[in-house]
Amino acid sequence: MILGNLNPAQRSAVLHESGPLLILAGAGSGKTRTITHRMAHLIDCGCAAESLLAITFTNKAAKEMQERMEGLIGVRSPWISTFHSYCARILRRHIERLLPYGNSFTIYDAGDSRNIIKEILEELEVDRSLWSARAAQEEISRIKNAACGDIEQAGIGNFANGRMLRSIYEAYTEALRKRNAVDFDDLLLLTVRLFTECPDVLARYQDQFRHVLIDEYQDTNAIQYRLGRLLTATHRNLCITGDPDQSIYGWRGANLSNILNFEEDYPDARVITLAQNYRSTQHILDVANSLIVHNGLRKPKTLWTEAAAGEPVRVYRFSNDAEEATEVALLIQGLIESGTPHGDIAVLYRINALSRPVEKSLIYAGIPYSIVGSIAFFLRREVKDVLAYLRILDNPRDEESLKRILNVPTRGIGKATIKKLVQIARSTGRPLLDLLFSDGWQATVNRKAETSVSSFVEILKTLRTKKSSKVQDLVQAVIEETRFETFLRESRGDSAREDIENVWQLVAAGKEYDTEHQDGTLTGFLEVVNLLGDIDRWRRSEDKVPLMTIHSAKGLEFPVVVILGVEDGILPLLNAEDPEADIEEERRLLYVGVTRARDQLFITHTANRMRFGSVRAAYPSRFLRELQPIATADPPTRCPIEIDEGTLESIHFLDEPRGRRSGQGTPDLDFADELFFDDNAFDLEEDAPYPVGSRVRHADHGVGEVVRISGIGSRQRVTVAFEETGEKQFVVGYVKLERIR
DNA sequence: ACACCGCCCGTTTTT
DNA sequence: CGGGCGGTGT
């Protein structure tokens, strides 16, 4: 085994033999390298490859790890997959132990679930102001993820809405069971249930996997935490890697304390910190470090590098989003002209909506780009329609898919008919498809509908005979039997071409699956399709500028990164009705964005931004004032003035001609300037409610002395050195402090 | 049954 | 600005 290329920390992680191990891996610290080497080392030491299990969060990460493993040890590779795929595979084998599920269960995506929830809300006659489908869906997911499906524990309360939620939850669970379907959360949840209810199954996997590795542990939720514990309960060979500073999935139930408390869970755990960064320049790391240090919930660590200082990080301010978009396009054009490949320049943003103006500018500038994420390919309407045919063939109880395609392509089966059919099915207690295949429904619908449904049934019967052909042929058969292409051409106007193209891409996906899986099945194909996100399908290409959310960019790196819209309200994303927004998570998000950059980093913000269809004032992100040091400059194409040691005031200075130029100077612009740039015009010593040196009392921390303040107004932060608990930082607007002196 | 119109709604982030 | 949904007209 080659240990020579590893640094001392990496090496000790590789050499750690057994027992719990926590690898705190900073961004760009060679984590994947370390864990693949570790696995290879274990195999070298006599572990069978089959006895290793590595769990990642994205298929992309799994694939990358897989490839690196093959490079290191040859073909026999350990089991490496995402939590979700791993659980799906376990369930395919054993779900029949959890009746009434069968092993051809269908995995429902959020859209499918939403449809069921809508039906339930209708059936239960739920007042729409009490529960929207969206809200109910979110709550259901929260119950599953945070409380492992235990309603009692989820604390939903006993008021009308809580009681209603309980009914919705139960009806939803029952609906899925009837359809032999599971949602994303169920994949994990049912696996935990399987392991708990069937100790023999658990024992089998505990025995098989002598070493379990969980990647990105900072993003695990309650169920994933339990899975990890269950799988390693006997041998305790649990190796986790993660970085509390990169936890960005709190909204999905990720529980940061899983990683923060790992050492309490496993007092004998070995902890290794990887802080040497091999990715970014010193300037970029300085910015990253200065930002993240403002977080309280973390394990302190400072990234360092042997690399050069590099280009300064630049913060650009624009008067509106259109200008931002044009200038970013010009910036990119300049980079491309000087030889940077398109694929080396990533444009990142907090919310998908921000991509549009930039897309326009890129098109205008003739720069090819590709959007990664947003609407996943397999979620497109026409693709899902074709897939629905496959799904109903695979799982005859999948009522959602059946209803979806009864009248797609349009064949004269309307809502009323569908409703009638569903009703008969319900009253006879048989699956809808069973009913349609029998002759117990014809009398209840009108003649026209009757012939239509019959012809639909005929199509399904024909397709059923081809069920075990190659996936590619099956997809093609669906398109031909249903005359799907004609349907698209006739029913879609402008988008017909694109829609048809997408449908044929699905055939291509089937072909790809067939070649990659010699013993593939329809079930297998559908599973891949379901669990594959857009980011997983994305292949880095030289000739397109990638545009994506920061969430999608996690785990990736680019020589040049542009982060758009770093404004209060967007990053951090602030929600009017939810003032308790997790600012620290937002800060981590920016941190993740910043640490994607290898050589050059550009951060932009605007004074006015089009949102919700109208122009609104935008304010620089509160995070910008935490960045140290930043060099700032006017946008490159207009006034190429550069400042060697940028200060906040210099932006103010540079910015003045800006308002005039755009002719859009608004009072808000001035306010924004003041908010952000006039830090030093404000006398911090005099006007602060808790000046430096004053003594204060805090309910939890006791008495302390103010050692530092920063910012102004309600956004002001105050750092207090408490006698008992040490230094803490607060936002003045949110903390209760009693001033003693 | 279905196409069309117009209103209102809301928007993070994804396996 | 865009999608979803309710209502209307054919």
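Because the structure is a prediction, the values reported are computed rather than measured. So you know, we letter chains A, B, ... as the sequences are listed, proteins then strands, and number each from 1.
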Sugar-phosphate, base or nothing in reach of A/Tyr249, heavy atoms under 4.0 Å: sugar-phosphate
Tell me the interatomic distance from A/Arg381, atom CZ, to C/dG2, atom C1', rounded to whole angstroms. 14 Å
Examine B/dA1: is either OP1 or OP2 under 4.0 Å from a nitrogen or oxygen in the side chain of A/Thr417? Give yes or no. yes
Between the side chain of A/Ser355 and the main-chain N/O of A/Asn352, is any donor-acceptor distance below 3.5 Å? yes
Could you check whether A/Gln218 and A/Glu216, counting side-chain N and O atoms only, form a donor-acceptor pair closer than 3.5 Å? yes
Under 4.0 Å between a side-chain N/O of A/Ser552 and OP1 or OP2 of B/dT14, yes or no? yes
Rounding to the closest angstrom, what is the interatomic distance between B/dT12 and C/dC5 at atom C1'? 23 Å
Taking the side chain of A/Thr58 as its heavy atoms from C-beta onward, which of B/dT12, B/dT14, B/dT15 lies nearest to it? B/dT15
Expressed in angstrom and rounded to an integer, what is the separation of A/Asp321 atom CG from C/dC1 atom P? 12 Å
May I have the distance from A/Asn352 (atom CG) to C/dG3 (atom P), rounded to whole angstrom? 14 Å
Please find out if less than 6.0 Å separates the ring center of A/Tyr169 from that of A/Tyr172. no
Between P of B/dT13 and CG of A/Asp219, the distance in whole Å: 17 Å
Using a cut-off of 4.0 Å on non-hydrogen atoms, how would the nucleic acid contact of A/Lys118 be classed: base, sugar-phosphate, or nothing? sugar-phosphate
Any chance you could lay out the salt bridge (charged side-chain N to carboxylate O under 4.0 Å, His left out) test for A/Glu64 and A/Lys60, step after step, and finish with the verdict? CA-CA 6 Å; A/Glu64 189 188 336; A/Lys60 194 166 185 49; over 6 Å; no
Tell me whether the OP1 or OP2 atom of B/dT15 has a side-chain N or O from A/Asn145 closer than 4.0 Å. no
Any side-chain N or O of A/Ser85 under 4.0 Å from OP1/OP2 of B/dT15? no
Under 4.0 Å, heavy atoms only, any strand: does A/Asp109 hit a base, just the sugar-phosphate, or nothing? nothing
Would you mind classifying the nucleic acid contact of A/Ile550 as base, sugar-phosphate or nothing, using non-hydrogen atoms under 4.0 angstrom? nothing
To the nearest Å, give me how far apart CZ (A/Arg142) and P (B/dT14) are. 21 Å
Please confirm whether the shortest side-chain N or O distance from A/Arg134 to OP1 or OP2 of B/dT12 is below 4.0 Å. yes
note: A/Lys63, atom NZ; B/dT15, atom C1'; distance rounded to Å ~ 17 Å
Side-chain atoms of A/Thr410 come closest, of B/dT13, B/dC2, B/dT15, to B/dC2
A/Leu421 CG to B/dA1 P, straight-line distance once rounded to whole Å: 11 Å
Spacing between A/Glu567 atom CD and B/dT12 atom P, to the nearest angstrom: 17 Å
A/Ser247 and A/Glu585: side chain donor to acceptor below 3.5 Å: no
How would you label the contact of A/Ala416 with the nucleic acid (heavy atoms, under 4.0 Å): base, sugar-phosphate, or nothing? sugar-phosphate
Among A/Leu571, A/Ile248, A/Val561, which residue satisfies the side chain to side chain contact (heavy atoms under 4.5 Å, CB included) criterion with A/Ile550? A/Leu571
Walking DNA chain B from its 5' end, the first of A/Gly412 and A/His84 to be reached, judged by nearest nucleotide, is A/Gly412
